[in-house]
Structures are given as structure tokens and as C-alpha cells.
Amino acid sequence: MKSLRVRLVVTLCIAICVLWSTVAAWMFSSMRHELQSVLDDRLVASTRMVAGIMGQFSQAQVAAVGKGTKPADLTPVIARDGVACEVSLVRSEVEVLPIARTENSPGFGEVEELGFGRITKGGKPWRTYVLEENGIRITTADRIDVREHLVQSFAYAMVLPFAMALLGLLAITWWVGTRGLEPLRRLQQALAKRPPQDDQPIQVGQDIAELAPMVQSLNALLLRSHAALEHERRWTADAAHELRTPLTAIKTHVQVMQLLFERECQRGDKAENPALVQMRQSLENAKQGITHMHDTLEQLLLLARLEGTQGLVSQHLAGEDILAAFERACEQSQKNALSKGYACALETQVRPDALAVWDACKFVLPLPLPLLMCAVGNVIDNALRHNVGDKAVDAVIELAPTQDGIYVHVRDYGAGMSEAECEQALKRFWRKNPLGQGTGLGLTIVQRIIASADGRLSLERADGGGLLVRLFLPAVVQDDSVAAALLNKTLGSKH
């Protein structure tokens, strides 16, 4: 994933490094040239100073010095670190007699070219300057490697502040880039916290010229999306309402026809007539089809209402109210199963076993009790419909271990579903057996209810066969101290 901040900061850093490096290279070249000029000027100044000193001696004195066997030491005369100096008496074009020199002078007798030059003595390069006046040749020089070391010292003295300033500038650039992109982060947070049903225009970023066009485009997209969803919801609701009335009428007429048919069959001995048997079966199939379509429409209406909800209101409920709603949902599901002809046993459990925990706790539940009953009822209806054998469907309600919510587990002993089928089961109108009973909307409605309360719904294949459905609803316990004491006491007594 590409980061706009990283791209911006890296681009700025590269531009700054290139610019500063160019400036630093130019400054280093200029400093090097200036330093070389200063050192050359020092050689010239030293040479002229020695020439001035030597000019104070008479020719006889200079000749007397030249008769000596060892050149005199000029260190007391010219006390300049690193500068070597040698004074020679020029007797002819080929005869040059050194008469004085500094201790660090390697001897420059072979240097004949006046002005600046370069020689190598003792394996070291030297920069020389030669001045000749009144038969006296004065040569000053300093080592080039010492010059380069001095240049490097200046460069190091420049590089360290330059590097520190560059690092500081990069850090400031990162901070400025982060601060500059802060409106984008606020916009992202506002969008992340925005509930799906909220169709209000986004206000964050409207006052920033660069973000305003994007925010306006987002608002326009939200408006179009909301209009499309609203149109779909209205169409679903209208279609369901329009179809409910004729379906009810048809169902009523079919039931009347069944009653009349049964009455006519009872008047005569016509029950074994194949045509009448087929007619009875056709009426029964029509009734089942109408019932299935009626259930589908009711589920569609409920789903349309849920998707049109602008947010669920939290309720302050006692634990006993939640338990009563759970038990009513279980009882209603059993009645529905009996009315549809698939009678199965249902066992309900409440954990922990001590009901005092539920009786003493007050909860803040993020959805109304009717929706909780609807979710639990749909799951149990699905379990009763697919359960096989003599084992009863298990429905369990319990507090989460950390008391941050309520768990409902429903387990049946039917054929179960694979992992891929569990994912498909949450889609609208999906049924494992397309020819079987059910509308394919029950689990979709449960998922919508649970998601609206920020809960969780999971389906998994149970050990030993069957399907295990887990519901989790966040519920805040209002009296934590009482609930914790009762729960710890209960769990302690079980161990």
C-alpha cells in the first residue's frame, strides 16, 4: 500500500538533498580555491618578509655568511608553521650557494623557475614560490599533503553541521508533512466512525481548498447511494405490501376450497377416486406454496424495515427481562414448528446455573427486545427445521466470561454444513436444499440484527454432526461490583 505522506516526504527529502548537495559541492570548491589562494598569499608574504630582512644586510655581510660551510637557521627569523624557507646566494647562472634555511626545508637548490612551482622532495610534494633580488634567491614552500589535510579539516567542519542540519530538516519535513495531512486523517476517522445508515453530508474538510472537491464528491456519492438504497427499500416494501393482500385472499380461497372439497368427499364415497385424490394433493401443494410465499414476503418486509433503520436505541433492561424474551422466542419457535409439521424437542439452558446473577444485573442492551426475540427465533426455527433424530435442539444463553456481553448458542443435530456452505448461508435466498422449506432469509435477518448492535454471528459445523450457531451481543452491566461478586461466587461453587 502506497503512502501519500511517505511519497511526499521522500520527494521533498530527495529534492532537499540534491539542492543542498549541489550547494555544498559549490561551497567546497569555492572554499578549496580560496584556501589555496590564502596559502599561496602566505608563501608570497613569507618570501617578501625574508627578502626585506635580507635587504638590511650589506653585500659584504651576505658574502661573509656565504663563506660558511653550513647554512644559517632562519627559524628565528620566519616563525611560520609548515612554511619552509631557503635563502641562496646566486654567484652565476649555474652556481647557487644556500646561505640560510629553516629546519624543515629539504633543500630547494635545483628550483630555478621564479614564481610558483611544484617539486617533490623526500617523497612529498611541495608548493614553492621563488623570488630573486640583488643576487639573492629566496624560496618558500609548504607541503601539498598538509594543505590537503587542512582542506579536509575545513570540509569535515562543514559536513558535520551540514549533516545535522539536513537530518533536522528531514525531521521537520516529516512533521510538517504529517501535520499537513492531518485533515486527511480526520476525514478518514470521520468516515470510519460513520454508521452505514447515516446519510448526512460530510463536514470534515469542507474548509480546506484541496479537500473540499473530494468531500463534495463523497457527499454526492453518498446522496446517490442513499437514493438508490431508498428506492430499493421502497420497491421491496411496496411489492411485499402489494402482494400480501392478494396472497391472503388466494390463501383464504384455497382454504375454503379445501373445506368444500372435504365436505363433498364426506357426503359420498369418493375418497378413493384418483381424480379427487389428485385434486386434494393439488390443493395442499397450492396451500404450501402460498404459505411459503407469504413467509417470504413477511421476511422481506422485516429485512426492508431493518435496512431502513437509522440506528437502534439502547435499552436499560433487567437480566430477568432478557431471559424472559429468550424463553418467549423459544416457545414461539416451538409453536411454529408444530404448526408446520416438523415437531422437534427443544431444550433451553441458562448459564451460570445461579439465576441470581441475572436477577441482580442491570444491562444496557444495544437493541430492542423484539429484535432480540426475532434473531433468536429465526436461529431456533432454522435449527428445528433441519434437526433429525431423537436428540433435542440445544439453545443456551449465558453471560460472557468478562461480563461484556451475552452469548446465545443454538445447536441442532441435522446434516450440518461445510465451511463454504456456512459462508454462503448468510447470503439472501440461499438454501442448502433449494427444494426444501424455508425462505433463505432467516439467517440474513439475524446477521442484520446482530450487526446493527455491533455483535457477532458465527456458524460452524458441530462436533458429532449438526450446526452450531453462536450469537454475541455487547451488553454493558450497570452494576459491575454486584455482578462480579455473584458471578465469582457462582463459578467458585461449581469448582
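F116 places a side-chain heavy atom less than 4.5 Å from the side chain of R127. Residues P125 and R143 form no side-chain contact, since every pair of their non-hydrogen atoms from C-beta on lies 4.5 Å or further apart. Annotation: side chain of C374 is in contact with side chain of I445 (closest heavy-atom distance under 4.5 Å). The side-chain heavy atoms of M214 and L184, taken from C-beta on, include a pair separated by under 4.5 Å. Two residues are said to be in side-chain contact when any heavy atoms from C-beta on lie closer than 4.5 Å; I202 and L187 meet this criterion. The shortest distance between side-chain heavy atoms of K124 and D145 falls below 4.5 Å. At a threshold of 4.5 Å between non-hydrogen side-chain atoms, the residues R456 and Y407 count as touching. Looking at heavy atoms from C-beta onward, V176 lies out of side-chain contact with R179 at the 4.5 angstrom threshold.
In this structure, D40 pairs ionically with R147, as a charged nitrogen and a carboxylate oxygen lie closer than 4.0 Å. Between E182 and R185, at least one side-chain nitrogen of the basic residue sits less than 4.0 Å from a carboxylate oxygen of the acidic one, meeting the salt-bridge criterion. Between E148 and R32, at least one side-chain nitrogen of the basic residue sits less than 4.0 Å from a carboxylate oxygen of the acidic one, meeting the salt-bridge criterion.
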Which is it for V215 and V204 under the side chain to side chain contact (heavy atoms under 4.5 Å, CB included) test, yes or no, and what are the steps along the way? CA-CA 8 Å; V215 174; V204 179; over 6 Å; no

Can you check side chain to side chain contact (heavy atoms under 4.5 Å, CB included) on H409 and D394, steps first, answer last? CA-CA 8 Å; H409 309 281; D394 296 325; over 6 Å; no

Side chain to side chain contact (heavy atoms under 4.5 Å, CB included) between D142 and R42: does it pass, once the steps are laid out? CA-CA 10 Å; D142 52 16; R42 184 182 69 163; 3.2 Å; yes

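Interatomic distance, Q447 CD to L471 CG, rounded to the nearest 0.5 Å: 11.0 Å. Here L150 contributes atom CG and L39 contributes atom CG; the two are 6.0 Å apart, rounded to the nearest 0.5 Å. Taken to the nearest 0.5 Å, the OG atom of S21 stands 11.0 Å off from the CD1 atom of I16. Taken to the nearest 0.5 Å, the CD atom of E421 stands 12.5 Å off from the CG atom of L426. Within the model, atoms CG of L43 and OG1 of T128 stand 8.5 Å from one another, a figure rounded to the nearest 0.5 Å.
Without hydrogens or angle criteria, Q424 side chain to A420 main chain gives no donor-acceptor distance under 3.5 Å. Under a 3.5 Å cut-off, the side chain of S30 and the backbone N or O of W26 do not form any donor-acceptor pair. Put simply, the side chain of N378 never gets that close to the backbone of L443: no donor and acceptor are under 3.5 Å apart. With S29 contributing its side chain and A25 its backbone, the two residues share no donor-acceptor pair below 3.5 Å.
Across I136, V87, T139, L131, a single residue satisfies side chain to side chain contact (heavy atoms under 4.5 Å, CB included) together with V50, and that is V87. With I397 as the partner, the side chain to side chain contact (heavy atoms under 4.5 Å, CB included) test is satisfied by one option alone out of I322, V410, V376: I322. When the options V408, L372, V396 are evaluated for a side chain to side chain contact (heavy atoms under 4.5 Å, CB included) with F326, the one that passes is V408.
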Identify all side-chain donor-acceptor contacts of residues 458-468 below 3.5 Å with residues at least two apart in sequence or on another chain.
residue, atom, partner, partner atom, Å
E460, OE1, R470, NE, 3.3
R461, NH1, A415, O, 3.4

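When all heavy atoms of N382 and H386 are compared, the closest pair comes out as O-ND1, 2.8 Å. A453 and L473 get closest at one heavy-atom pair: CB-CD2, 3.9 Å.
A donor-acceptor contact closer than 3.5 angstrom links the side chains of T47 and T140.
In this structure, M27 places its CE atom where only 12 or fewer heavy-atom neighbours from other residues, nucleotides or ligands lie under 6.0 Å away.
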